Each structure stands twice: as C-alpha cells, then as structure tokens.
Chemist: 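Sharing a structure with you now.
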Amino acid sequence: MVYAFTIQPGIYHAFEDEAEQIEQCKEWGLLSGKAIKTKAFFYKGNGLNVPCTIVGYTDKMTAVIELDNKQQHCIHPSYLKEMQAANYGQRQWSSGEAAPEADASEESQSAGNVETPADEAVETSAGAVQQAQPAAEPVPAPQTESESGQAAPAGSDKPAAASEAVDAPKAKAKKEKAPKLQLPEGKVKMIAKVQDFTTVPNHFSDNDDEVIIYENVAIVDHETDIGTAWSSHSATLKKLELEVGDTITFEAKIVAKKLTRYPVPYKINNPAKIQKEQE
C-alpha cells in the first residue's frame with residue numbers, strides 16, 4: 001500500500017548508529033535524558049496508527065521517519081511526540097473535526113521543513129521557524145530630521161548635517177559586530193578542557209539532564225578556537241570518570257546550540273574516540 005500524503009525528504013542526514021539516533025531524540029524530547037535505548041514510535045496521522053522508525057533529519061526542526069511500508073516522510077518532532085500519547089486520536093477529534101482534515105492541516109505546516117539548509121545547526125527552514133514562533137515585528141528607529149526629509153524648525157540652531165554627524169558613530173558601532181563563526185558540517189577532531197559538571201531542566205522528563213561544560217575548545221585540524229561548549233554527560237563519558245581540569249581529545253560534530261541558563265553557545269554532539277590527555 002502506498003500512502004499519498006507522505007512528504008519525501010530528498011537529501012537528508014541519516015543516523016550513523018543507534019547512539020546518534022538516541023542523542024537526537026533526546027534533543028527533540030522524544031526520549032528522556034537518561035534513556036540508553038530507543039523505543040517504539042507510532043504515526044497516527046491521516047487516519048493511520050502504524051509503527052514507524054526515526055531514520056534521520058533534513059534539519060533540526062524536521063525529522064525523517066520510515067513508515068510500515070518503507071515509505072519515508074518528513075514530520076515536525078513536536079507533532080510526532082504528540083502522536084505518542086495514548087489519547088491522541090480522542091483529543092484531536094473531540095472538537096468534532098474530521099480526523100483526516102486535522103491531520104492534513106498539521107502535515108501542511110510540516111511541509112515547509114523539507115529543504116536542507118547549508119548549516120543544519122544554525123539555520124532552519126522558513127516553515128519550521130514560522131511554526132515555532134511568530135515573527136517579531138521590527139521596532140522602528142526614531143527618525144532624525146535628516147532621515148524624514150523635513151527641514152529643521154525655525155528656532156532650531158542644529159542643522160541636518162550636524163544631526164547626521166551625531167548619528168554616524170551609532171551606525172558605525174552596529175557595523176562592527178563580530179563575524180559569525182563558521183562551523184564544519186561533519187565530524188572533526190577536537191580538544192577541550194572540562195570546566196564544570198551541571199544539570200539543566202528537561203521539560204519532557206521528570207529528571208534534569210546531566211551535562212558537561214568545556215573551556216579552551218578547539219578544532220585540531222582546522223586550528224579553530226571555539227571557546228566554550230557543552231555536551232550531554234553520556235554513559236560513554238561517565239566511564240572515563242572525568243574531573244574538572246581534565247583535557248580530552250575526541251571526534252565529534254559541533255553545532256550552534258545554546259545551553260539552557262548558561263552563556264555557552266555551542267554543543268558537542270556524539271563525541272567518539274575519546275582520549276584523556278596525560279598531565
């Protein structure tokens with residue numbers, strides 16, 4: 001049987017192994033922060049209730065699932081999470097709307113997420129951004145007399161040229177913003193020093209997530225300084241019995257994702273081939 005509603009992913013990032021799948025599902029809230037294995041997921045849209053497998057993503061806001069007939073379909077992770085509730089069908093249709101119409105509305109919102117951005121971690125598709133939050137209206141800057149094109153009042157002794165001269169330093173200061181750090185798309189060899197161990201709240205679980213904060217983070221091959229970054233305190237890292245001040249080398253993918261409640265802008269995903277440096 002072929003499902004006509006599916007949104008084919010085209011080019012997408014397929015999970016390399018179960019560990020990467022579990023880590024990404026934790027980020028989406030589909031698994032608890034302490035999960036060590038995946039679980040069964042079900043697709044309950046378009047009048048169906050069939051098992052599905054999460055096989056990858058086109059970007060961080062669009063998961064790719066494989067249905068029972070091996071067809072692949074793009075879906076927003078939050079929408080897939082809602083489907084896992086036991087009363088999903090009753091909750092969706094209790095208002096009197098027909099099930100297929102409700103599902104079609106949700107699917108059309110997810111369709112905007114199919115395009116893959118150049119930098120998966122930083123940019124998301126336009127459809128995903130609109131679904132996540134309403135666009136913020138720009139706050140208009142107060143117009144100076146020179147900007148509005150109106151002449152200065154008769155009693156004013158400050159000409160338009162003087163007004164432009166005063167505003168010039170402000171405009172220059174805005175242009176001197178630090179350039180955006182270009183992160184590699186794949187896994188790279190890195191080095192980092194353990195700065196702290198902490199926890200952050202997980203709104204999809206009763207328990208907080210354990211994380212590690214690193215300092216002096218750098219990409220070895222590219223000789224690029226990252227500064228501070230963080231990662232989940234996974235079972236693999238716990239085996240190393242790391243302490244504050246330890247330096248480690250590893251291979252991982254680094255993405256732009258801020259740590260909740262901390263000024264740490266980058267996240268280290270799925271570190272592998274980890275080695276503790278000897279002092």
Side-chain angles (χ1 to χ4, degrees), residues 13 15-38 57 59-61 117-124 176-205 207-279:
H13 175 83
F15 295 131
E16 295 180 1
D17 49 34
E18 185 180 14
E20 184 181 4
Q21 180 200 45
I22 292 172
E23 186 70 19
Q24 187 58 57
C25 286
K26 288 180 180 180
E27 289 188 26
W28 286 332
L30 293 167
L31 292 174
S32 69
K34 293 187 177 181
I36 58 175
K37 61 181 180 179
T38 188
Y57 55 85
D59 57 55
K60 294 298 184 178
M61 299 295 289
D119 185 347
E120 297 174 353
V122 179
E123 298 178 3
T124 59
E176 293 177 353
K177 187 177 180 180
K180 182 179 176 181
L181 183 62
Q182 296 297 321
L183 300 175
E185 295 185 6
K187 284 188 175 183
V188 290
K189 186 174 182 180
M190 304 181 68
I191 186 170
K193 183 178 180 180
V194 178
Q195 184 185 65
D196 194 13
F197 298 90
T198 186
T199 59
V200 293
N202 184 337
H203 302 296
F204 301 100
S205 173
N207 301 314
D208 292 344
D209 290 341
E210 298 180 61
V211 300
I212 303 177
I213 300 176
Y214 306 91
E215 60 183 347
N216 301 334
V217 182
I219 301 174
V220 177
D221 297 335
H222 297 187
E223 296 183 354
T224 303
D225 290 330
I226 302 299
T228 56
W230 66 282
S231 75
S232 298
H233 196 180
S234 64
T236 302
L237 288 168
K238 287 180 179 178
K239 291 179 182 178
L240 297 176
E241 298 181 349
L242 296 174
E243 297 180 357
V244 173
D246 285 345
T247 298
I248 58 174
T249 58
F250 52 89
E251 291 183 5
K253 181 176 181 180
I254 184 163
V255 298
K257 182 175 182 180
K258 185 178 179 297
L259 178 61
T260 306
R261 297 182 180 178
Y262 293 88
V264 184
Y266 302 105
K267 183 186 178 187
I268 297 167
N269 277 340
N270 304 320
K273 300 180 182 179
I274 308 168
Q275 292 184 348
K276 188 189 297 187
E277 296 292 298
Q278 299 297 326
E279 297 183 358

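A quick note: this is a predicted structure, and the numbers were derived from the prediction, not measured. Here, residue 1 is the first one in the sequence, and each next residue gets the next number.
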Chemist: What distance separates Thr247 OG1 from Gln275 CD, expressed to the nearest 0.5 Å?
Modeler: 13.0 Å

Chemist: Can you classify the ring geometry of Tyr57 versus Trp28 as parallel (below 30°), tilted (30 to 60°) or perpendicular (above 60°)?
Modeler: perpendicular

Chemist: Show your working on side chain to side chain contact (heavy atoms under 4.5 Å, CB included) between Lys257 and Glu27 and close with a plain yes or no.
Modeler: CA-CA 10 Å; Lys257 182 175 182 180; Glu27 289 188 26; 3.3 Å; yes

Chemist: With rounding to the nearest 0.5 Å, note down the distance linking CE in Met190 to CD1 in Ile274.
Modeler: 12.0 Å

Chemist: Under the side chain to side chain donor-acceptor pair (under 3.5 Å) criterion, do His13 and Gln24 qualify, and how do the steps go?
Modeler: CA-CA 12 Å; His13 175 83; Gln24 187 58 57; over 6 Å; no

Chemist: Which value, rounded to the nearest 0.5 Å, describes the distance between Thr260 atom OG1 and Asp209 atom CG?
Modeler: 8.5 Å

Chemist: Can you tell me if Gln195 and Thr228 form a side-chain donor-acceptor pair at under 3.5 Å?
Modeler: no

Chemist: Would you say the side chain of Val200 lies within less than 4.5 Å of the side chain of Arg261, judging by non-hydrogen atoms?
Modeler: no

Chemist: Does the side chain of Glu243 come within less than 4.5 Å of Val194's, by heavy atoms?
Modeler: no

Chemist: So, do His233 and Val211 sit near enough that their side-chain heavy atoms are less than 4.5 Å apart?
Modeler: no

Chemist: Nearest 0.5 Å, please: how far is CD in Gln21 from CG in Asn270?
Modeler: 11.5 Å

Chemist: Got Leu181 and Tyr266 here, is their nearest side-chain heavy-atom distance under 4.5 Å?
Modeler: yes

Chemist: Between Thr249 and Glu277, which heavy-atom pair has the shortest distance, and what is it?
Modeler: CG2-OE2, 3.4 Å

Chemist: Which atoms form the tightest heavy-atom contact between Leu183 and Val255, and what is the distance?
Modeler: CD1-C, 3.8 Å

Chemist: Over all heavy atoms of both residues, which pair between Ile22 and Lys37 is shortest? Give the atoms and the distance, please.
Modeler: CD1-CA, 3.5 Å

Chemist: Is it the case that more than 12 heavy atoms not belonging to Lys34 sit under 6.0 Å from its NZ atom?
Modeler: no

Chemist: Starting at CD1 of Ile213, measure out to CG of Leu259 and round the result to the nearest 0.5 Å.
Modeler: 5.5 Å

Chemist: Test your reading of the model: is there a side-chain donor-acceptor pair from Lys276 to the backbone of Leu240, 3.5 Å cut-off?
Modeler: yes

Chemist: Taking only Lys NZ, Arg NE, NH1 and NH2, and the carboxylate oxygens of Asp or Glu, determine whether Glu16 and Lys187 approach each other closer than 4.0 Å.
Modeler: yes

Chemist: Decide yes or no for Ile248 and Tyr214: does some side-chain heavy atom of the first lie under 4.5 Å from some side-chain heavy atom of the second?
Modeler: yes

Chemist: How far apart are the closest heavy atoms of Ser232 and Leu237, and which atoms are they?
Modeler: O-CD1, 3.3 Å

Chemist: Under 3.5 Å, is there a donor-acceptor pair between the side chain of Lys26 and the main chain of Gly33?
Modeler: yes

Chemist: Give, for atom OG1 of Thr199 and atom CG of Asn207, the distance between the pair rounded to the nearest 0.5 Å.
Modeler: 10.5 Å

Chemist: Just checking Lys189: does its NZ atom have more than 12 heavy atoms from other residues, nucleotides or ligands closer to it than 6.0 angstrom?
Modeler: no

Chemist: Give the minimum heavy-atom separation between Ser231 and Ile268, together with the two atoms involved.
Modeler: CB-O, 3.4 Å

Chemist: So which atom in Lys267 and which in Asn269 form the shortest heavy-atom distance, rounded to 0.1 Å?
Modeler: CE-OD1, 3.2 Å

Chemist: Do the side chain of Asp225 and the main chain of Gly227 share a donor and acceptor less than 3.5 angstrom apart?
Modeler: no

